[in-house]
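Report on the following structure.
A, B, ... follow the sequence lines: proteins, then strands. Residue 1 opens every chain. Owing to the predicted nature of the structure, the values given are computational and were not obtained by experimental measurement.
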Amino acid sequence: MPTVKEILDSMDYGPAPESATEVLGWLATRGQFGHYIDGGFTVPADLFTTANPATGEALAEVSQGSTADITAAVAAARRALPKWAKLPGHERAKWLYALARQLQKRARFLAVLETLDNGKPIRESRDVDIPLAIRHFYHHAGWAELVETEFPGEAPHGVCGQIIPWNFPLLMLAWKVAPALAAGNTVVLKPAEQTPLSALAFAEICAEIGLPKGVVNIVTGDGRTGADLVAAPVDKLAFTGSTEVGRAIRRASAGSGKALTLELGGKSPFIVFEDADLDAAIEGVVNAIWFNQGQVCCAGSRLLVAEAIAAPFTRKLTARLQKLRTGDPLDKCTDLGAIVSPAQLARIRDLVSAGEAAGGELVQAEAQLPAAGNFCAPGLLLGTEPANPCWSAEIFGPIATMTSFRTPAEAVELANNTRYGLAATIWSENITLALDIAARVRAGVVWINGTNLFDAGAGFGGMRESGFGREGGREGMAAYLRAPTAKPRPEGAPGALDAAPHPGKPATGELSIDRTAKLYIGGKQARPDSGQSYRVTAKGHEIGLAPLGSRKDIRNAVEAAHKATGWGKTTGHNRAQVLYYLAENLAARQGEFEARLREMGADPAEAGATVARAFFYAAWADKFDGAVKSTQAAKVTLAVPEPFGVMGVVCPDAAPLLGFASLVLPAIAMGNRVVAVPSASMPFAATDLYQVFDTSDLPGGVVNIVTGAKDELAKVLAQHDDVAALWYCGEAQGRAMVETESAGNLKATWTLENRDWTQAQGREFLTRATQVKTIWVPYGA
Amino acid sequence: MSATDFPRNPGTGLMPEWFEDIRINTPAAEARAADLGARRSLKKNFQAAWLVNAIRCIDLTTLAGDDTPARVARLCAKARRPLADHILAGLGLEQLHTGAVCVYPTMVAPAVRALEGSGIPVASVATGFPAGLMPLDLRLAEIRYAVDQGADEIDIVITRAHVLGGDWAALYDEIAAMREACGPAHLKAILATGDLQTLSNVYRASMVAMQAGADFIKTSTGKESVNATLPVSLVMVRALRDYGERTGHKVGFKPAGGLKTTKDALNWQVLMKEEMGRDWLRPDLFRIGASSLLGDVERQLEHHVTGRYASSSRHALA
């Protein structure tokens with residue numbers, strides 16, 4: 001060690017290592033880990049090594065979970081479920097409180113263990129990961145206490161299969177386990193194969209406090225174990241990780257009836273306006289992309305900087321970059337630790353090389369990197385245009401891309417020029433501008449003048465291909481509870497449509513004026529692209545021809561829906577006015593609709609019920625409020641329910657009017673534009689409606705109607721990348737198809753069975769029609 | 001390295017465009033200030049050296065109504081020998097003194113006498129310290145008096161009304177006149193940031209003071225209800241960094257009032273190193289205005305040397 005005199009000259013920081021003695025001792029004692037199943041550890045088997053990414057040294061050997069292990073774990077969770085779910089909320093609260101307390105007592109141990117296994121700086125595991133994980137358990141001890149009164153009538157899903165990533169191992173465990181247990185579920189959790197140790201330590205903590213056996217089960221292993229868990233008979237799947245794997249899980253679980261939430265990748269914009277506090281925004285970048293070595297799903301990895309300040313911003317940021325210290329993760333002065341694995345490091349390097357080849361200019365810290373271990377100097381890829389592969393690909397490393405914009409509108413356009421929608425950061429001292437941008441960016445979380453702010457009370461989760469579902473707060477709890485399901489009314493598989501001519505006697509003797517049903521697209525009646533119509537019969541008689549819609553009609557309808565941008569921006573009051581007016585005009589023609597329903601063999605009472613339904617959702621249109629969350633001091637945290645945008649709605653075959661209205665009305669009440677596929681066997685109730693729409697001030701494109709073969713059209717909607725959400729009411733095969741085909745852009749789906757539509761209204765429909773955007777605004781004079 | 005190694009800040013004309021549109025986000029400044037201390041840690045010899053460096057940068061201060069020449073002499077004796085001999089030896093050092101001694105104008109002469117031959121500069125507050133609400137000619141006369149008494153550095157206070165009213169020209173003219181009155185003595189401009197309240201005001205006042213030729217900008221008199229804080233210091237340091245980038249001139253920074261513990265001494269030095277760099281850990285660009293801080297630092301250093309926790313009763317009073 002240099003002398004005081006020498007240091008007085010250099011004024012260096014020197015080493016400040018956190019001690020790993022306790023943790024290394026624990027690892028040495030254990031050596032090999034089995035799985036934690038049914039309250040005990042299994043005999044270690046089929047071992048693989050987990051290593052310290054900073055040194056490459058082995059830390060422990062861990063078991064590769066087999067199909068039999070997953071079966072045993074799920075069975076244990078299933079056995080534990082009835083008793084756990086039936087515990088009074090207060091009793092479950094006591095268990096969660098005990099977990100929070102015990103984690104707190106082991107805080108330093110867990111921080112060191114996390115740093116050893118993951119490579120993240122001890123400052124982060126000590127100050128961020130572990131405290132947030134503890135906070136999550138405290139927060140959810142509260143939800144356990146309140147669940148019966150705050151979520152009346154709802155029930156836990158049952159056994160939850162949870163798969164978590166390596167970037168925040170214990171924190172992600174907390175995000176998964178705490179709400180699941182609070183709601184009364186039992187869990188089987190698979191940690192990432194790169195970072196299984198903190199989950200195993202958590203298992204020991206569960207054992208330490210005597211948590212009832214089987215409530216928490218932890219099975220280690222790689223993707224094969226994860227796939228087994230996805231395939232296992234669980235009731236809910238929750239996954240955090242890559243979009244690619246999320247897609248595979250969506251496909252694998254399609255049609256299984258398992259509830260699913262996915263928290264996936266991102267390429268989140270970090271927008272700096274010219275009226276920002278630049279020094280603050282620079283520190284924002286540090287916390288956005290150089291936090292956890294950039295291995296953060298919500299990392300602000302695409303810097304968008306106003307042209308007017310791009311030069312000084314780049315200069316300041318480049319200077320700041322040189323101050324970062326990359327090295328020993330256990331050193332308290334380290335800003336960036338090690339990349340989790342050699343494979344991840346190679347991936348980062350490959351992507352950055354591709355970005356350079358495409359014209360990006362790499363500026364990296366001139367850091368002296370340790371000789372061993374997986375280290376990557378932090379950097380910036382300047383001049384990364386949207387055509388550069390690094391613009392769109394998630395690097396998941398400490399390299400941000402940067403480009404400039406000219407106007408707020410262009411900033412939004414660039415920000416949204418991505419398949420993802422996880423987070424966005426906005427820097428501007430103009431709150432008027434910042435809130436406008438916050439409303440326009442497609443992201444589940446928006447931080448204004450701050451970044452990477454998290455709290456157990458605030459929802460976190462993505463839009464678009466960043467997944468669906470929220471973790472944290474009330475919306476996070478809701479993802480672990482299910483509403484009572486309506487009693488299904490099977491309606492049979494959709495029959496084939498007949499587009500051939502059928503010469504014969506008309507139903508009535510006299511020739512009346514022909515009435516041609518058309519598609520309704522963009523506020524206009526349109527003939528089908530196919531040029532064909534199909535025969536609609538009732539009681540064996542033909543009652544008319546309906547247009548045979550095809551994929552091109554769906555394409556046109558989606559385009560028209562996208563053009564109706566004003567609908568989502570208008571006030572709830574205005575939407576209510578339209579819905580009331582719609583009810584008024586429908587009521588005026590109620591007799592006509594009743595006759596039509598009767599003619600098709602449906603219940604004429606649907607007409608009156610539809611009028612009432614329009615009133616119901618008109619009432620809701622300006623009342624489905626968001627919330628102000630109680631999170632951290634001096635930070636306004638808003639939870640804003642936003643419409644998805646363009647939704648597909650595939651209606652039940654039965655209840656041709658009320659079923660249609662029960663799905664379309666809540667969707668548009670929340671500001672969505674809809675492409676609806678009405679009942680194929682009784683399409684005229686819906687096609688008659690467009691005359692009501694036309695007289696009710698419903699803007700063109702808000703509701704589009706395409707009649708035709710249900711599953712054929714549903715498949716086009718499911719595969720359409722520009723449809724954000726899809727509701728499908730139908731039989732099992734169709735539901736499975738929709739969920740499978742939706743994996744392409746990971747649109748949120750709601751597949752439901754035909755039911756008694758007279759009862760089908762309420763908050764659930766509105767919740768399903770919206771996604772929560774969480775907006776953080778720190779304040780201070 | 002001595003104070004003469006850096007050329008003095010000659011100032012510029014009043015350039016309001018350098019500061020009028022400044023945007024300071026308070027929660028972000030507070031977050032960065034809190035973050036700084038958590039991001040860096042100093043252990044063992046490194047911590048000891050940084051604490052010794054803090055002593056090198058202390059303006060050991062007495063600014064009380066009951067100050068007497070004898071009390072000032074006692075302070076000066078401590079400035080000459082801030083650590084007990086066994087601590088100094090234990091650290092492997094031969095010689096150490098504080099950055100300066102800071103007193104009222106009438107105490108300058110006793111201080112100069114007491115510090116003779118030590119090389120320790122004497123700093124004097126002036127300009128109607130601490131409120132500064134005296135006619136300008138009297139304030140300038142006070143500066144000349146202190147310089148005449150032998151003060152090497154003058155810690156002036158600004159007219160807060162000029163900042164609160166946005167009268168930047170008046171503020172500039174006042175400080176420029178004071179700088180002129182200082183002659184060869186270095187001027188430290190006390191902004192009394194506790195009175196200015198907003199961080200934007202702090203930035204603007206900092207910039208005007210530097211444009212008017214301040215050699216140092218200083219947070220507080222020690223008499224405001226809130227004195228040096230890390231967020232305020234961060235904003236001032238960023239102002240002097242911006243000024244340096246525009247002009248190439250180096251200006252010093254002096255937090256004063258409120259730095260009482262070794263943790264404070266380390267935090268503020270980390271701030272200087274991270275936001276500025278090595279040069280701003282030298283006494284010619286960084287000072288700490290403090291009186292009780294030295295006692296805590298000395299106890300900590302004794303613990304470093306002996307491994308035993310120390311008692312202040314064994315250390316010389318300042």
Side-chain angles (χ1 to χ4, degrees), chain A residues 1-18 121-124 126-128 273-284 286-287 312 315-316 319-320 323-325 331-335 427-430 448-451 453 632-635 777-781, chain B residues 1 21-36 38-53 56 88 90-94 96 197-200 203 231 234-235 237-239 241-242 245 269-270 272-275 277-282 301 304-305:
Chain A
M1 180 172 295
T3 65
V4 169
K5 201 178 234 174
E6 287 160 353
I7 299 165
L8 272 168
D9 199 42
S10 69
M11 292 302 285
D12 283 340
Y13 287 114
E18 176 68 56
I122 184 71
R123 179 185 62 82
E124 291 180 9
R126 180 196 67 199
D127 295 350
V128 182
F273 287 96
E274 61 189 68
D275 57 5
D277 176 344
L278 290 196
D279 287 310
I282 297 288
E283 291 309 320
V286 173
N287 289 319
R315 195 174 63 240
K316 277 173 181 281
R320 181 68 181 87
K323 292 271 186 185
L324 295 170
R325 294 165 65 89
D331 192 300
K332 292 170 192 166
C333 288
T334 292
D335 293 313
W427 291 86
S428 165
E429 288 304 298
N430 178 348
I448 294 174
N449 295 326
T451 204
L453 304 169
Q632 298 165 9
K635 292 182 183 73
V777 194
Y779 60 88
Chain B
M1 192 175 282
D21 293 334
I22 187 66
R23 320 276 178 165
I24 309 283
N25 186 283
T26 301
E30 288 167 351
R32 169 63 172 159
D35 183 51
L36 274 163
R39 276 186 183 269
R40 297 293 178 260
S41 180
L42 289 147
K43 298 289 170 203
K44 300 186 173 152
N45 277 6
F46 289 88
Q47 187 183 82
W50 281 59
L51 291 177
V52 169
N53 191 61
R56 295 201 294 202
L88 199 65
L91 292 167
L93 302 174
E94 296 88 40
L96 179 68
Q197 294 271 327
T198 72
L199 294 179
S200 301
Y203 185 94
L234 176 69
V235 169
V237 163
R238 285 173 173 174
R241 187 173 68 197
D242 291 347
E245 281 175 12
Q269 289 186 87
V270 167
M272 300 317 289
K273 173 141 170 154
E274 290 299 310
E275 290 285 325
R278 167 72 183 92
D279 278 350
W280 271 265
L281 290 173
R282 299 181 204 282
L301 285 171
H304 175 77
V305 168

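- Proximity to chain A is limited to the side chain of B:Asp35, based on heavy atoms less than 4.5 angstrom apart.
- Among A:Leu8, A:Val4, A:Asp275, A:Val286, the residue making the largest number of heavy-atom pairs under 4.5 Å with chain B is A:Leu8.
- The residue among B:Arg238, B:Glu275, B:Arg241, B:Arg56 with the most heavy atom pairs within less than 4.5 Å of chain A is B:Arg238.
- Side-chain atoms of B:Ser41 and A:Tyr13, non-hydrogen and from C-beta on, never get closer than 4.5 Å to each other.
- Residue contact with chain B, scored on non-hydrogen atoms closer than 4.5 Å, is absent for A:Asp331.
- Taking the side chain to side chain donor-acceptor pair (under 3.5 Å) definition, one finds that A:Glu283 meets it with A:Arg320, B:Arg32, sequence neighbours left out.
- Residue B:Glu245 touches chain A through its side chain alone, counting heavy-atom pairs closer than 4.5 Å.
- Taking both residues in full, the closest heavy atoms of A:Glu429 and B:Ile24 are given as OE1-O, 3.9 Å, listed atom of the first, atom of the second, then distance.
- Your options are A:Glu6, A:Arg126, A:Met11, A:Arg315, and the one with the most heavy-atom pairs under 4.5 Å with chain B is A:Met11.
- Highest contact tally toward chain A, considering only B:Leu91, B:Asp21, B:Leu93, is held by B:Leu93 [criterion: heavy-atom pairs under 4.5 Å].
- At a cut-off of 3.5 Å, with distance as the only test, no side-chain donor of A:Asn449 or A:Tyr779 sits close to an acceptor on the other residue.
- Residues forming a side chain to side chain contact (heavy atoms under 4.5 Å, CB included) with A:Pro17 (at least two apart in sequence, or on another chain): A:Pro15.
- Not a single donor-acceptor pair under 3.5 Å links the side chain of A:Asp12 to the backbone N or O of A:Gly14.
- In this structure, chain A has heavy atoms under 4.5 Å from both the backbone and the side chain of B:Arg40.
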key: side-chain hydrogen bond (donor to acceptor under 3.5 Å, both in side chains) between A:Thr451 and A:Asn287, intermediate numbers included   = CA-CA 7 Å; A:Thr451 204; A:Asn287 289 319; over 6 Å; no
request  = Run the numbers on A:Glu18 and B:Lys43 for salt bridge (charged side-chain N to carboxylate O under 4.0 Å, His left out), then give the verdict.
outcome  = CA-CA 11 Å; A:Glu18 176 68 56; B:Lys43 298 289 170 203; over 6 Å; no
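- The contact between A:Asp127 and chain B is made entirely by side chain atoms (from C-beta outward), counting heavy-atom distances below 4.5 Å.
- For A:Pro312, no part sits under 4.5 Å from any heavy atom of chain B, backbone or side chain.
- Contacts with chain A were tallied for B:Ala38, B:Gly92, B:Gly277, B:Ala31; B:Ala38 has the most, counting heavy-atom pairs under 4.5 Å.
- When each of B:Gln197, B:Lys44, B:Arg278 is scored by its heavy-atom pairs under 4.5 Å with chain A, the top score falls to B:Arg278.
- If you measure heavy-atom distances from A:Lys635 to chain B, you find no contacts under 4.5 Å at all.
- Only the side chain of B:Leu281 has a heavy atom closer than 4.5 Å to any heavy atom of chain A.
- Annotation for A:Asp335 and A:Glu124: closest pair O-OE2, 3.8 Å, computed over non-hydrogen atoms.
- Contact tally against chain B (heavy-atom pairs below 4.5 Å) for A:Asp9, A:Thr334, A:Thr3: the top residue is A:Asp9.
- A salt bridge does not link B:Glu274 to A:Lys323: none of the charged side-chain nitrogens sits closer than 4.0 Å to a carboxylate oxygen.
- Of all heavy-atom pairs spanning B:Gly90 and B:Val305, the tightest one is CA-CG1, 3.7 Å.
- When heavy atoms are compared at a cutoff of 4.5 Å, B:Gln269 approaches chain A solely by way of its side chain, counted from C-beta outward.
- In this structure, no portion of A:Ala319 lies under 4.5 Å from any heavy atom of chain B.
- Using a 4.5 Å cut-off between heavy atoms, A:Ala634 does not touch chain B at all.
- Interface remark: B:Ala29 contributes no atoms to any contact with chain A (heavy atom separation under 4.5 Å).
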